[in-house]
Amino acid sequence: MSKQLVEQCQRGNAFAQKRLFDQYANRLFRVSLRYVRNEPEAEEVLMNAFLKAFRGIDKFSYRDDNGLEAWLRRIVVNEALQHLRAKRHLPIFQADEESEEQSDPEPLPDAGLDTERIYALIRELPTGYRTVFNLYAIEGYTHREIAEQLRISENTSKSQLSKARALLQTWLTQYGYEAETRRIS
Amino acid sequence: MVMKQKPDEFPDNWVRQALSQLPDVPPPGSSFNSERLWKELSPELQQVPPRRLVGLLWWVAAACLSGLTLGWFWLYQSTNEQTVVATHASRNKADASVVSPYTPISANEIARSKVAEKERPVPSFRLQEHAKERRKGESIPKVIEPIEAVVHMPEVTTVAETPSISEQLLGLPESNVAISSPKRRFKVVHENELRAEEETRPKLYPTENFVRIGTGGRTESDESRPALTLPLTHKPNQ
């Protein structure tokens, strides 16, 4: 199904492009929103990412749906990093992150620690912590790749990750999920 | 989904799996609308991508440049050919002037040329409406209409065609020669061609035994012969 969709998109079929967009827009919007602070920025990132995806889909060779999603996700992540660089949120400065670390997370809407709450907590992390945690823990990048992407040293990447984990643990403890978060750090 | 059910999982992996189970909808409280974003995106997709546009522009620029180069080359070539042809033509003319004998001009020809000089058309300008209007005493309009100017100029005007005193002295009646067409009385010849003509002209007296006086330069033909040169300032008795 998706293979035909990709082939049609490669031929420039607008209907196929719309279907592909509908299929992945919400999911990729969440990805974008994990990297940037607010929704307008996330929408901008998503739009640019889809533009690049449709313009570069000729070079994409379809294998399976996971491959397609991973390709689209990678484009969104790269676009988000580019956006952060343009907005001067990157590169990460250690001093800035230290000051941000003291802030408490905003009150979350639901009581239970479900996926939405985890998602919201990740979004509450400071920019540097959040970016490194997203890239390492969720996207599966190595510290070396993160260092290259964010133009920082590997040690900085490692320290940012450990601080992100510690902060997440603290917040989760505050919400009463000590048992689960004990193992995070 | 409650995370207490999976206590032994590696934390990063645990978060990753939790996020992968998120529903395909925007986060709660979000104002994200995929349809609205598509409406913004679709016009952008219809446009030619900038890279292709830049590539296209490069091609157009290259085509223009090559066209200009070819045009210039073609023009240069044609100009060269014309120059060569013109050079050949002028050489032929020069040769002809050297070979052709000098033809004396008769008095009739001079008279004809004088009349023709008088008949030479003077540039006349036709003022269409202005003269009439002035006669009537009307005011001159501010906007002047284009005037048709009829100028009859001779094709070739040479210095030799200007009237001279000798022509005036002839005093021939104008009525006799009014119908005659203008004819050239003199031929414009380059100084070098005149010299060549003089050299080729048969000499009336032998010059082999003449002595050249002065410090003037000698021609190549003279250098082969023995000659005595006496400067003008030389005084033998001093």
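We use all heavy atoms of the structure for the numbers below, so side chains are in, but hydrogens, waters and symmetry mates are not.
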CD (B/E191) with more than 12 external heavy atoms under 6.0 Å:
no

More than 12 heavy atoms of other residues, nucleotides or ligands under 6.0 Å from CZ of A/R63: yes or no?
no

Counting heavy-atom pairs under 4.5 Å with chain B, which one of A/R123, A/R30, A/E139, A/E39 comes out on top?
A/R30

Does [X] reach the side chain of [Y], with side-chain heavy atoms less than 4.5 Å apart?
| X | Y | result |
| --- | --- | --- |
| A/F21 | B/L37 | yes |
| A/D22 | B/E35 | yes |
| A/I122 | B/L19 | yes |
| B/P27 | A/F29 | yes |

Restricting to non-hydrogen atoms, name the atom on A/Y136 and the atom on B/R16 that form the minimum distance, rounded to 0.1 Å.
O-NH2, 4.2 Å

Which atoms form the tightest heavy-atom contact between A/M47 and B/E40, and what is the distance?
CE-O, 3.6 Å

What is the distance from atom [atom1] of [X] to atom [atom2] of [Y], rounded to the nearest 0.5 Å?
| X | Y | atom1 | atom2 | value |
| --- | --- | --- | --- | --- |
| B/S34 | A/E43 | OG | CD | 10.0 Å |
| B/S42 | A/F50 | OG | CZ | 13.0 Å |
| A/I118 | B/Q21 | CD1 | CD | 9.5 Å |
| B/L45 | A/R55 | CG | CZ | 7.0 Å |
| B/L22 | A/N26 | CG | CG | 11.5 Å |

Quick one: of B/P23, B/S30, B/G29, who has the most non-hydrogen atom pairs under 4.5 Å with chain A?
B/S30

Does any heavy atom of chain A fall under 4.5 Å from the side chain of B/S20, the backbone, both, or neither of them?
neither

Would B/D24 and A/Y24 count as a side chain to side chain contact (heavy atoms under 4.5 Å, CB included) here? Give the steps.
CA-CA 8 Å; B/D24 275 354; A/Y24 290 100; over 6 Å; no

Taking 4.5 Å as the heavy-atom cut-off, does anything in residues 8-17 of chain A contact chain B, and if so which residues?
A/A14, A/Q17

